[in-house]
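Below is one structure, written out as structure tokens, with a few remarks after it.
Every number for a ligand or one of its atoms is a count from 1 in the order of the listing.
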Amino acid sequence: MSIAFIDLKSQHQLLDGSVLKSISAVLEHGRYCMGPEVVELEKRLAAHCQVAHVLSCSSGTDALFMSLLAYGVGPGDAIFTTAFTFFATAEVIALAGATPVFVDIDPHSFNLDPVRLDEAIQNVKSDGKLKPKGIIPVDLFGLPADYDAIMDLAQTEDLFVLEDAAQSMGGSYKGRPAGSLGHVAATSFYPSKPLGCYGDGGAVFTDNQGLNDIMSSIRIHGQGDDKYHNVRLGLNARLDSIQAAVLLAKLPLLEQELEARTRVALRYNQGLRGVQTPFVPSGYRSAWALYSVLCDRRDELHDHLAALQIPSVIYYSVSLHLQDAFASLNYQRGDLPHSEFCSDRVISLPMHPFLSDEEVDQVIQAVNCFN
Ligand SMILES: *Cc1c(COP(=O)(O)O)cnc(C)c1O
């Protein structure tokens, strides 16, 4: 029996027909786009994340993009974000015509460092070429960023905060759920995320009704009062009713799955030697989308684990400021030392709710015998 990196098969079996039942209901009524499941899911997600408004959409990337479009982000705007994240976080900034300004991370949390963020904002202001407009903190690997510090800065500097909660559904910060921590949040329901559907999907979360109305219009071609009245440019970014049905069946399991992932994470933390294990500050709850450690000889550890048939994955081996797609921004190696340090050393170990203690111990032993 080999260990799975993420185990979606066991999860499906545990759901015991409820997903199929939920999908068949869609096949019966036939409202494949914007059916009743979509409305129901948005209501349940709003309650779950304690926000006033939720709009489901076609992916996490579109959720981020819809938020930026709704804020009118465009050429000449600076959007501050981390370089240690998935490409989509910064891709949408450039797609909107704005300029990503990459900020270094705290190497212990892997998240945006508020001190560096303040410096980056002051630099852009004194430089005078771009207008600071917003911040996209990422809750990387499931751990929320430091929102008290980030929201304070945003208020002082009059910036919006878009929480990239693609990896943090189920996590929380000082008692408040991920998805409710900025002015608007975006999440992804890609299958391997903490709350995944059976294909692509995403959602935006906000308490701001005006912003929600604009995002709702953007989701369907900038529509106005009716379908054939278009008041702005938008997207085709709906979530399929079938995917909403899958999520409705899976949402009730999220909490118990997170408890199981937390058990795995604690066992790793206690057992692993010779690598830097993830740190969860008090008052934070990680969704444990991934369990990522730092190791000086990361590539060798990766090979060593592969030889023992233990899957491991490297998220993310290239910091975004050094990606070819952002070469025109002229960042150099050395500009964001913590982000580069982590990209060179990070490795993620198997993490899912169905790992047995024996399997976790097998991974621990494999890592510990490498050192
Ligand atoms: C997965 C992910 C996204 C993009 O979500 P998709 O649904 O794949 O478009 C954005 N940001 C982060 C941090 C992610 O992990």
**OP:** Compute whether any side-chain donor of one residue and acceptor of the other, for His12 and Tyr198, lie under 3.5 angstrom apart.
**Re:** yes
Original post:
With a cut-off of 4.0 Å, which atoms of ligand 1 are near a heavy atom of Gly60?
Top reply: 5 (O), 6 (P), 7 (O), 9 (O)
Original post:
Going by the atom numbers of ligand 1, which of them fall below 4.0 Å from some non-hydrogen atom of Ser188?
Top reply: 5 (O), 6 (P), 7 (O)
**OP:** Considering non-hydrogen atoms only, spot the tightest contact between Gly72 and Asp77 and give its length.
**Re:** O-OD2, 3.9 Å
Original post:
Parallel, tilted or perpendicular: which fits the ring planes of Tyr291 and Tyr268, with parallel below 30° and perpendicular above 60°?
Top reply: tilted
**OP:** Indicate whether the side chain of His352 and that of Glu359 have a donor and an acceptor atom separated by less than 3.5 Å.
**Re:** no
**OP:** Go through ligand 1 atom by atom and flag the ones less than 4.0 Å from a non-hydrogen atom of Gln167.
**Re:** 13 (C), 14 (C), 15 (O)
**OP:** Number the atoms of ligand 1 from 1 as they appear, then name those within less than 4.0 Å of a heavy atom of Thr85, with their elements.
**Re:** 13 (C)
Subject >> Modelled atom types, side-chain donor and acceptor of Asp118 and Gln122, under 3.5 Å >> reply: yes
Subject >> Contact atoms of ligand 1, heavy-atom distance to Lys193 under 4.0 Å >> reply: 1 (C), 2 (C), 3 (C), 14 (C), 15 (O)
Subject >> Location of contacts on Val138 toward ligand 1, heavy atoms closer than 4.0 Å >> reply: side chain
Original post:
Where is the nearest protein heavy atom to atom 10 (C) of ligand 1: which residue, which atom, and how far?
Top reply: Asp164 OD2, 3.7 Å
Subject >> Other residues, nucleotides, ligands: >12 heavy atoms within 6.0 Å of Asp158 CG >> reply: no
Subject >> For Ser59, atoms of ligand 1 separated by under 4.0 Å from a heavy atom >> reply: 7 (O), 9 (O)
**OP:** May I ask you to identify the nearest protein heavy atom to atom 9 (O) of ligand 1, giving residue, atom name and distance to one decimal place in Å?
**Re:** Thr61 OG1, 2.5 Å
